[in-house]
Amino acid sequence: MPRPQKHWDRLTGKVAIVTGAGARGGIGNGKAMALLFAAEGARVCAVDRDAELAQETVDEIVAAGGEAFPVIADVVVESECKRIVDETAARYDGIDILVNNVGISSGGGPISGLDMAVWSNVIDVNLKSAVMLCRDVLPHMIARGGGAIVNIGSVAGIRAHGGSLAYGPSKAALVQLAREIAVMHGRDGIRVNTVAPGHIFTPHAMNVLGEEARAARRAAAPLGIEGDAWDVAHAALFLVSDEARFLTGLLLPVDGGVTEIGPLSSHALIERELAAISAQ
């Protein structure tokens, strides 16, 4: 979808932290969320390891009339997570929203050849970082009477894809992490939900997917199209807004219906489409 042009100030007065808010070569999920949240009135802490990319996101927000600042940090480092939270709370006198968006994908292949150092790194980036940031941000949210957290999972954490021995389990664990915190802290006014993107065309996908693979996954999806980062951003916006005040512990696939297809039929459909494309 094109960049949203209409906004309704759904996050006016809110303070949001979005990790992985930079993007190279286009609009990724984190950048889209940071831009959309700011356009809806939130003051945004844009977190990324890459200073240039974080600043680009902030510059776009400010140019559009929003308010944001960058924090350059590595979210697998415990002290860095605390610094992200402390700097945001000090600048804006509190925190209302956290999006755990940082993620990496590696450690594929058969388990017999799995490199445990690679596996551990994926778990640290995708899961441990979210645990630490949730832990550090919760006291600030509770002090304000509540808050909303969104974990960015993946359809790989819902359905097995074969060989996703680190990425899939890390994303599945994010769903359960959200549920546990939702139950533990519901009476504190804390809502925690998970968005699970699938078949989203982002700058990362642009680098790893050829047109044949894209055509195959479009054919496999019930809607017959790919999503983009704005689809993920709108789902997250809804979940952190007051419109979702009665939703917590929810898993929301943003995947064009892919996870609603039986795994075997989906796999067979993809194989048929690839074979047809190859025959052309």
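Quick caveat: nothing in here was measured; it's all calculated off a predicted structure. What's counted below: heavy atoms across the whole structure, side chains too, no hydrogens, waters or symmetry copies.
No donor-acceptor pair under 3.5 Å is formed between the side chain of R191 and the backbone N or O of I149. Here the side chain of E40 pairs a donor or acceptor atom with the backbone of W8 at under 3.5 angstrom. Put simply, the side chain of D231 gets close to the backbone of D228: a donor and an acceptor are under 3.5 Å apart. Under a 3.5 Å cut-off, the side chain of R3 and the backbone N or O of A32 do not form any donor-acceptor pair. At least one donor-acceptor pair under 3.5 Å links the side chain of W119 to the backbone N or O of L165. Proximity of a side-chain donor or acceptor of S120 to a complementary backbone N or O of A117 within less than 3.5 Å is not detected. With R91 contributing its side chain and A68 its backbone, the two residues share no donor-acceptor pair below 3.5 Å. Listed for the K171 side chain is a donor-acceptor partner under 3.5 Å among the backbone atoms of I152.
Contact record, L250 with N193: N-OD1, 2.7 Å, taken as the closest heavy-atom pair. Residue M141 comes nearest to A148 through the heavy atom pair CE-O, 3.6 Å, listed as atom of the first residue, atom of the second, then distance. Of all heavy-atom pairs between N126 and I104, the closest is OD1-N, 2.8 Å. Among all heavy-atom pairs drawn from M33 and V18, the shortest one is CB-CG1, 4.4 Å. Considering all non-hydrogen atoms of both residues, L174 and A130 come closest at CD2-CB, 3.6 Å. A54 and I72 get closest at one heavy-atom pair: CB-CD1, 3.7 Å.
A 4.5 Å side-chain heavy-atom check between D48 and P70 finds every atom pair outside the cut-off. At least one side-chain heavy atom of H199 sits under 4.5 Å from a side-chain heavy atom of V258. At a threshold of 4.5 Å between non-hydrogen side-chain atoms, the residues K128 and V131 do not count as touching. Between L239 and S241, the closest side-chain pair of non-hydrogen atoms is not below 4.5 Å. A 4.5 Å side-chain heavy-atom check between T57 and I61 finds at least one atom pair inside the cut-off. With contacts defined as side-chain heavy-atom distances shorter than 4.5 Å, the pair D124/S129 does not qualify. With a 4.5 Å cut-off on side-chain heavy atoms, V99 and T19 do not count as touching.
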Exercise for the section: Decide side chain to side chain contact (heavy atoms under 4.5 Å, CB included) for K14 and D242; before the verdict, give the C-alpha distance in whole Å, the side-chain angles of both, and the deciding distance to 0.1 Å. Expected result: CA-CA 11 Å; K14 304 291 188 181; D242 291 341; 3.9 Å; yes
Practice task
Kindly determine whether C45 and I84 satisfy side chain to side chain contact (heavy atoms under 4.5 Å, CB included), including the steps that lead there.
Solution key: CA-CA 8 Å; C45 168; I84 292 166; 4.3 Å; yes
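L251 and V155 are members of different hydrophobic clusters when ILVMFWY side chains are connected at heavy-atom separations under 4.5 Å. When the side chains of ILVMFWY residues are joined at heavy-atom separations under 4.5 Å, either directly or via intervening members, L35 and F37 end up in a single hydrophobic cluster. V85 and V192 fall within a single hydrophobic cluster, where Ile, Leu, Val, Met, Phe, Trp and Tyr side chains are chained together by heavy-atom contacts under 4.5 Å. Transitive grouping of hydrophobic side chains (ILVMFWY, heavy atoms separated by less than 4.5 Å) keeps V175 and V254 in distinct clusters. The hydrophobic cluster containing M132 does not contain L138, counting ILVMFWY residues as joined when their side-chain heavy atoms lie under 4.5 angstrom apart, directly or transitively.
For residues 24-38, the side chain to side chain donor-acceptor pair (under 3.5 Å) pairs, not counting sequence neighbours, are R24-D50, K31-E60. Listed by first then second residue, pairs satisfying side chain to side chain donor-acceptor pair (under 3.5 Å) with a partner in residues 131-153 read E78-R135, D96-R144, N100-N151, not counting sequence neighbours.
Between the CZ atom in F69 and the OG1 atom in T88 there is a gap of 4.0 Å [rounded to 0.5 Å]. One distance of note links CG of L237 with CG of L36; it measures 5.0 Å at 0.5 Å rounding. A distance of 12.0 Å separates CE of M116 from CG of N121, quoted to the nearest 0.5 Å. Here CD1 of I17 is found 12.5 Å from CZ of R43. Values are rounded to the nearest 0.5 Å. Rounded to the nearest 0.5 angstrom, I181 CD1 and Q176 CD are separated by 10.5 Å. Within the model, atoms CD of E260 and CD1 of I158 stand 9.0 Å from one another, a figure rounded to the nearest 0.5 Å.
In this structure E80 satisfies the side chain to side chain donor-acceptor pair (under 3.5 Å) test together with R83, sequence neighbours excluded. In this view, F201 satisfies the ring pair (Phe, Tyr, Trp, His ring centres under 6.0 Å) rule with no residue, not counting sequence neighbours. Annotation: salt bridge (Lys or Arg N to Asp or Glu O under 4.0 Å) contacts of E52 (sequence neighbours excluded): none.
A salt bridge links R218 with E211: the distance from a Lys NZ or Arg NE/NH1/NH2 to an Asp or Glu carboxylate oxygen falls below 4.0 Å.
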Side chains of residues 182-190: which donor-acceptor partners sit under 3.5 Å, not counting sequence neighbours?
residue : atom : partner : partner atom : Å
H185    : ND1  : D188    : OD2          : 2.8

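Residue-environment remark: CG (D9) exceeds the threshold of 12 foreign heavy atoms within 6.0 Å.
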